[in-house]
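Labels below follow one simple rule: chain letters A, B, ... track the order of the sequence lines, proteins then strands, and each chain is numbered from 1.
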Protein chains: 2
Amino acid sequence: MTQCEDHEECISTAIERADRICFQKQLKFTDLRKEILRLIWEGHGPQKAYDLLNKLQKTNPSAKPATVYRALDFLIKNGFIHKVASLNAFVGCSHPLKHKECYFLICDDCKNISECCDPNITAAIQATTAQNEFSAKNTTLEISGHCNECLKQI
Amino acid sequence: MTQCEDHEECISTAIERADRICFQKQLKFTDLRKEILRLIWEGHGPQKAYDLLNKLQKTNPSAKPATVYRALDFLIKNGFIHKVASLNAFVGCSHPLKHKECYFLICDDCKNISECCDPNITAAIQATTAQNEFSAKNTTLEISGHCNECLKQI
DNA sequence: TTATGGGGTGTGATATTGTAACGTTGTTGG
DNA sequence: CCAACAACGTTACAATATCACACCCCATAA
């Protein structure tokens, strides 16, 4: 699940990517927003808002819930992270800009999340919404269970 | 979305169905659980836990959050309702026993929810999880947008 | 140059959602 | 009957999230 060979590199790649996109789109990628994005990628799994707050307070003791939630709002709105509704947690997006819809495989054991963005699923969902004459704006697809690595270890 | 010709009948049908299933499965469908299920169906849309608590307190002034959440746990566990993760709300299941997975179309305007349980989506999801060697336990698929009725009214 | 307006942040308060823990009651099988 | 367990009552609290208002910075127009 969401392996990376060199996690430091994986984090900095994500930050640089965001930096680039923000520059192109003229978005303000402030230190605070960058720090929150970094903390999310450091965890490399779904991160809870208040855990992020605790970590942020190590370098920024006066941080408050709103501090974190505002940064999260920015990051979500611009596609750098996703909210995982079934966990009330937040996870870095591996490919911002690439697509609107993201689906997740969530391992209950190792807590890792992988984005699985299958076009077949998207097509099936579109067919169903069309059939129901429903105009979809946002899709939340979160599949929990056990990843292959964890299954092997049993 | 989730229309019903006679809402009183629709509620009582749901209650009777649950009653029957509980009898068959030897589950204790207590007054409290029945009342919560009734309140959920009365709303005929996603109901928030604390709204249910307020309504419950009209007939049961000493009800507490735990009172509601315990009843909700029972109803979810036995398939009579679903939790809508993206809304932190609860909605009655139109066909308990029929299937494990339920997908939702959620109208942002009229707040109605309809279950859309398309086998094609299920198949697409299964194909993807298989391909990722992931053993799925639970699937949350919640599609928000606008239903046809609301689109027409614009 | 100033003013002015919007975005981002600081800060305190509060709202909303959900659980833990422990005691009591009531049912039920042995 | 009574031991055991499920359901419920009750208190407290934990976890998640938002609001409101003040302040600062800085880009831009007057």
Side-chain angles (χ1 to χ4, degrees), chain A residues 18-19 22-23 25-40 43 45-78 80-91 111 140 142, chain B residues 18-19 22-23 25-40 43 45-78 80-91 111 140 142:
Chain A
D19 226 341
C22 284
F23 179 74
K25 293 195 182 179
Q26 309 229 51
L27 301 171
K28 298 184 184 173
F29 198 33
T30 63
D31 288 349
L32 193 49
R33 291 165 173 178
K34 196 173 292 191
E35 177 64 8
I36 292 290
L37 182 59
R38 203 179 58 70
L39 289 173
I40 289 174
Q47 303 293 303
K48 312 284 274 180
Y50 276 70
D51 291 347
L52 293 170
L53 177 57
N54 285 334
K55 288 175 187 165
L56 180 61
Q57 284 172 334
K58 302 231 166 97
T59 58
N60 189 342
S62 67
K64 302 277 184 307
T67 315
V68 171
Y69 280 103
R70 284 197 284 231
L72 291 172
D73 285 346
F74 170 86
L75 296 170
I76 290 171
K77 185 172 152 197
N78 294 293
F80 301 124
I81 64 172
H82 299 287
K83 172 157 190 175
V84 186
S86 60
L87 301 177
N88 292 323
F90 303 86
V91 68
K111 312 299 176 193
T140 301
E142 299 168 7
Chain B
D19 226 340
C22 285
F23 179 76
K25 292 196 184 179
Q26 311 232 48
L27 300 171
K28 296 182 185 174
F29 198 36
T30 62
D31 287 349
L32 195 49
R33 292 165 174 177
K34 196 173 294 191
E35 178 65 7
I36 292 289
L37 182 59
R38 202 178 58 73
L39 288 172
I40 290 175
Q47 302 294 304
K48 313 282 276 179
Y50 277 69
D51 291 347
L52 292 170
L53 177 56
N54 284 334
K55 288 176 188 167
L56 180 61
Q57 284 174 333
K58 301 226 167 104
T59 57
N60 189 344
S62 67
K64 302 280 186 305
T67 315
V68 170
Y69 280 103
R70 285 198 285 232
L72 291 172
D73 285 346
F74 170 87
L75 295 170
I76 289 171
K77 185 171 152 198
N78 294 293
F80 301 123
I81 65 173
H82 299 288
K83 172 157 189 173
V84 185
S86 60
L87 301 178
N88 292 324
F90 304 86
V91 67
K111 312 301 176 194
T140 300
E142 298 168 9

Exercise. Taking only N and O in the side chain of N88(A), is any of them less than 4.0 Å away from OP1 or OP2 of dT17(C)?
Worked result: no

For this session: Assign each of A89(B) and K28(B) to its nearest nucleotide of DNA chain C by heavy atoms, then name whichever residue's nucleotide is nearer the 5' end.
Result: A89(B)

Exercise. Are the side chain of E142(A) and the backbone N or O of A85(A) linked by a donor-acceptor pair below 3.5 Å?
Worked result: yes

Problem set entry | Spacing between R70(A) atom CZ and dC24(D) atom P, to the nearest angstrom | 15 Å

Seminar exercise, completed: Heavy-atom nearest pair, L56(B) first then L39(B), reads N-CD1, 3.9 Å

Exercise. Which whole-number value in Å describes the distance from L72(B) CG to dT17(C) P?
Worked result: 12 Å

Problem set entry | Distance, rounded to the nearest Å, where D73(A) contributes CG and dT18(D) contributes P | 7 Å

For this session: Could you say whether L87(B) or A66(B) is positioned toward the 5' end of DNA chain C, judged by the nucleotide with the nearest heavy atom to each?
Result: L87(B)

Exercise. Quick one: CG on N60(A) to CG on D31(A), what's the gap to the nearest 0.5 Å?
Worked result: 10.0 Å

For this session: Classify the angle between the aromatic ring planes of F74(B) and F29(B) as parallel (below 30°), tilted (30 to 60°) or perpendicular (above 60°).
Result: parallel

Problem set entry | Main-chain N/O of S86(B) paired with K83(A) side-chain donor or acceptor, under 3.5 Å | no

Exercise. To the nearest 0.5 Å, what is the distance between NZ (K111(A)) and CG (L87(A))?
Worked result: 8.5 Å

For this session: Look at the side chain of K55(A) and the backbone N and O of I40(A), then say whether any donor-acceptor pair between them is shorter than 3.5 Å.
Result: no

Seminar exercise, completed: I76(B) CD1 to dT17(C) P, in whole Å, measures 15 Å

For this session: Of all the heavy-atom pairs spanning Q57(A) and A63(A), show the shortest one and how long it is.
Result: NE2-O, 2.9 Å

Exercise. Hey, does the side chain of Y69(B) come within less than 4.0 Å of dG18(C)'s phosphate (OP1/OP2), counting only N and O?
Worked result: yes

Exercise. To the nearest 0.5 Å, what is the distance between CG (D73(A)) and CZ (R70(A))?
Worked result: 9.5 Å

Exercise. Which residues, if any, of residues 29-39 of chain B bring a heavy atom under 4.0 Å of DNA chain D?
Worked result: T30(B), L32(B), R33(B)

For this session: Scan residues 45-65 of chain B against DNA chain D and write down, sorted by residue number, each residue with any heavy atom closer than 4.0 Å; if none is found, say none.
Result: S62(B), K64(B)

